[in-house]
Amino acid sequence: MKEEKFQVEIITPTIIAGADSRNLDPLKIRPSEIKGMMRFAFRLIAGKYIDHRNEIKTLLEKESLIFGSTQKKSDFKLILHNTENLNTGNVKLLPHKSSSIKKAVLPNQKFELSLIYNKYSIDFYKSLLNLTFLIGVGNRRNRLFGNMQIENPLDLANSVKNIDEVCKSLFGRNELSIEEPLFPSFSKKSNGEKNYIVFSSPLKSPLDVENLLTKLYKEIIHTLEKDDKKKHLLGSTTPRQSSYINFSLQKHKDSYKLYFISYYYKNKDFDYQTWKEAVDLVKEKIEKIN
């Protein structure tokens with residue numbers, strides 16, 4: 001077994017325990033939450049290498065070689081250090097509602113992460129961490145919460161490339177054309193159109209998460225909510241559906257970038273064209289408010 005240690009900086013307020021974790025301490029960052037999002041990050045890339053109609057079982061079999069299963073141990077382990085004394089405070093989940101306050105682990109703090117691994121390269125695991133922390137960890141991760149960053153991170157393109165190389169080896173093929181994805185993936189259709197978007201915009205003013213979140217709700221989220229077709233992209237609680245739209249922040253040298261990530265996958269409430277129109281609208285508004 002090999003071991004690599006990383007300093008992890010908290011970029012945005014982080015609430016680990018979500019709606020399904022009421023008995024867990026919402027202020028304690030746990031390896032299980034990070035590892036769960038690493039699995040999600042892996043599926044984003046691995047989803048390009050299977051037929052979504054009849055190879056989900058194949059995906060799960062390959063995934064278990066890395067993340068383990070009920071029959072097999074994981075190839076890697078995460079151990080967190082110095083998380084018990086991280087400062088916490090109240091944050092607003094919804095900037096337009098004064099009652100929507102929760103305690104969170106506050107940004108501008110660091111903790112140490114040990115990664116103990118076996119078969120796959122450290123660049124692969126480092127890339128999974130990069131993508132995981134960009135997407136976010138914990139509650140409200142789609143809305144600027146739970147973003148972190150390791151020291152000396154790889155850029156997104158190289159992170160995806162490193163995960164791609166492992167996926168090509170695991171599945172023994174090049175990526176496929178995916179016409180109708182059944183889950184989020186960085187895949188393309190046969191005509192070259194993407195089933196995802198990753199858009200970034202440098203912040204033009206000093207970082208203020210609450211102010212930025214206020215702008216995102218006022219100019220973007222509330223606009224989508226008023227459109228009967230596009231509002232479904234924001235997700236729902238009944239029935240439970242994750243948001244198709246993700247906003248996150250990452251540090252670049254001495255400044256920050258706002259990231260907008262979205263995926264198209266099969267949904268009875270909207271089609272590909274509706275998704276495309278919505279993400280184009282979001283991109284346009286981000287450039288105006290930032």
Side-chain angles (χ1 to χ4, degrees), residues 1-47 56 59-84 86 104-105 109-142 145-151 153-154 156 159-160 162-167 170 183-186 242 246 248 250 261 263:
M1 300 293 282
K2 306 166 194 172
E3 181 175 358
E4 189 84 13
K5 291 186 177 181
F6 300 96
Q7 288 292 316
V8 182
E9 181 176 1
I10 300 170
I11 305 298
T12 61
T14 300
I15 306 167
I16 290 299
D20 298 324
S21 307
R22 293 184 181 89
N23 296 324
L24 298 177
D25 181 356
L27 304 179
K28 186 175 181 181
I29 299 173
R30 284 178 290 278
S32 58
E33 295 279 356
I34 297 174
K35 195 170 183 179
M37 285 308 299
M38 289 173 74
R39 186 186 291 261
F40 177 83
F42 174 76
R43 286 179 181 173
L44 282 178
I45 312 302
I56 298 298
L59 172 63
L60 296 177
E61 289 172 352
K62 301 299 184 183
E63 187 179 280
S64 70
L65 298 175
I66 300 166
F67 297 93
S69 66
T70 53
Q71 290 83 35
K72 179 179 173 55
K73 286 186 177 181
S74 170
D75 182 68
F76 72 101
K77 181 179 181 179
L78 301 179
I79 301 173
L80 306 187
H81 310 277
N82 309 319
T83 57
E84 294 82 4
L86 293 172
V105 179
Q109 302 184 86
K110 294 181 180 180
F111 63 91
E112 190 173 80
L113 182 154
S114 293
L115 195 153
I116 301 167
Y117 62 105
N118 185 24
K119 182 177 180 181
Y120 301 94
S121 73
I122 190 58
D123 283 344
F124 169 67
Y125 288 112
K126 185 175 181 180
S127 297
L128 283 178
L129 286 171
N130 283 331
L131 189 50
T132 291
F133 291 148
L134 169 62
I135 296 166
V137 176
N139 198 7
R140 308 293 294 181
R141 64 174 176 79
N142 291 313
F145 287 88
N147 295 132
M148 305 178 194
Q149 203 161 6
I150 61 175
E151 278 186 323
L154 298 170
L156 182 58
S159 294
V160 170
N162 288 335
I163 302 169
D164 255 326
E165 289 175 355
V166 170
C167 288
L170 278 172
F183 58 88
S185 64
F186 284 173
S242 298
N246 182 299
S248 58
Q250 291 285 273
I261 305 172
Y263 331 95

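Keep in mind that what you see is a predicted model, and the values were worked out from it rather than measured. FYI, the numbering just counts along the sequence from 1.
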So how far is it from S248 OG to F145 CZ, rounded to the nearest 0.5 Å?
-> 13.0 Å
For N82 and K110, what are the C-alpha separation, side-chain angles and deciding distance, and is it a side chain to side chain contact (heavy atoms under 4.5 Å, CB included)?
-> CA-CA 8 Å; N82 309 319; K110 294 181 180 180; over 6 Å; no
E112 side chain to T83 main-chain N or O, any donor-acceptor pair under 3.5 Å?
-> no
Is there a side-chain contact between F133 and I34, using heavy atoms and a 4.5 Å cut-off?
-> yes
Given side chains that start at C-beta, do those of N130 and L156 come closer than 4.5 Å, heavy atoms only?
-> no
What one should report as the nearest heavy-atom pair of G68 and R39 is O-NH2, 3.8 Å
If the plane angle is over 60° it's perpendicular, under 30° parallel, otherwise tilted; pick one for F67 and F76.
-> perpendicular
Taking it one step at a time, do I150 and L113 satisfy side chain to side chain contact (heavy atoms under 4.5 Å, CB included)?
-> CA-CA 9 Å; I150 61 175; L113 182 154; over 6 Å; no
Can you tell me if NZ on K35 sees more than 12 non-hydrogen neighbours from other groups inside 6.0 Å?
-> yes
Non-hydrogen atoms of I15 and A104 that approach each other most closely | CG1-CB, 3.5 Å
Is I45 close to V160 at the side-chain level, that is, under 4.5 Å between some pair of heavy atoms?
-> yes
With a 4.5 Å heavy-atom cut-off, do M148 and I29 have their side chains touching?
-> yes
Are the side chain of N147 and the backbone N or O of L134 linked by a donor-acceptor pair below 3.5 Å?
-> yes
Between OG on residue S159 and CD1 on residue I163, distance to nearest 0.5 Å = 6.5 Å
First locate atom CD of E3, then atom NZ of K77, and finally report the distance between them rounded to the nearest 0.5 Å.
-> 10.0 Å
Given side chain to side chain contact (heavy atoms under 4.5 Å, CB included), test F186 with D164 step by step and report yes or no.
-> CA-CA 10 Å; F186 284 173; D164 255 326; over 6 Å; no
Distance, nearest 0.5 Å, that separates CG of N246 from CD1 of I261 | 5.0 Å
Answer yes or no: is there a side-chain heavy-atom contact under 4.5 Å between L80 and R30?
-> no
Interatomic spacing from CD in E33 to OG1 in T132 - rounded to 0.5 Å = 12.0 Å
Rounded to the nearest 0.5 Å, how far does CG of L128 lie from CE of M37?
-> 11.5 Å
Can you tell if the side chain of L78 reaches within under 4.5 Å of the side chain of Y125, non-hydrogen atoms only?
-> no
How about N162 and Y120: does a side-chain donor come under 3.5 Å of a side-chain acceptor?
-> no
Got I10 and L86 here, is their nearest side-chain heavy-atom distance under 4.5 Å?
-> yes
Under the side chain to side chain contact (heavy atoms under 4.5 Å, CB included) rule, what do R43 and L60 come out as? Steps first, then yes or no, please.
-> CA-CA 9 Å; R43 286 179 181 173; L60 296 177; 3.9 Å; yes
Between L170 and F42, is any pair of side-chain heavy atoms under 4.5 Å apart?
-> yes
Donor-acceptor contact below 3.5 Å, side chain T14 vs main chain T12 = yes
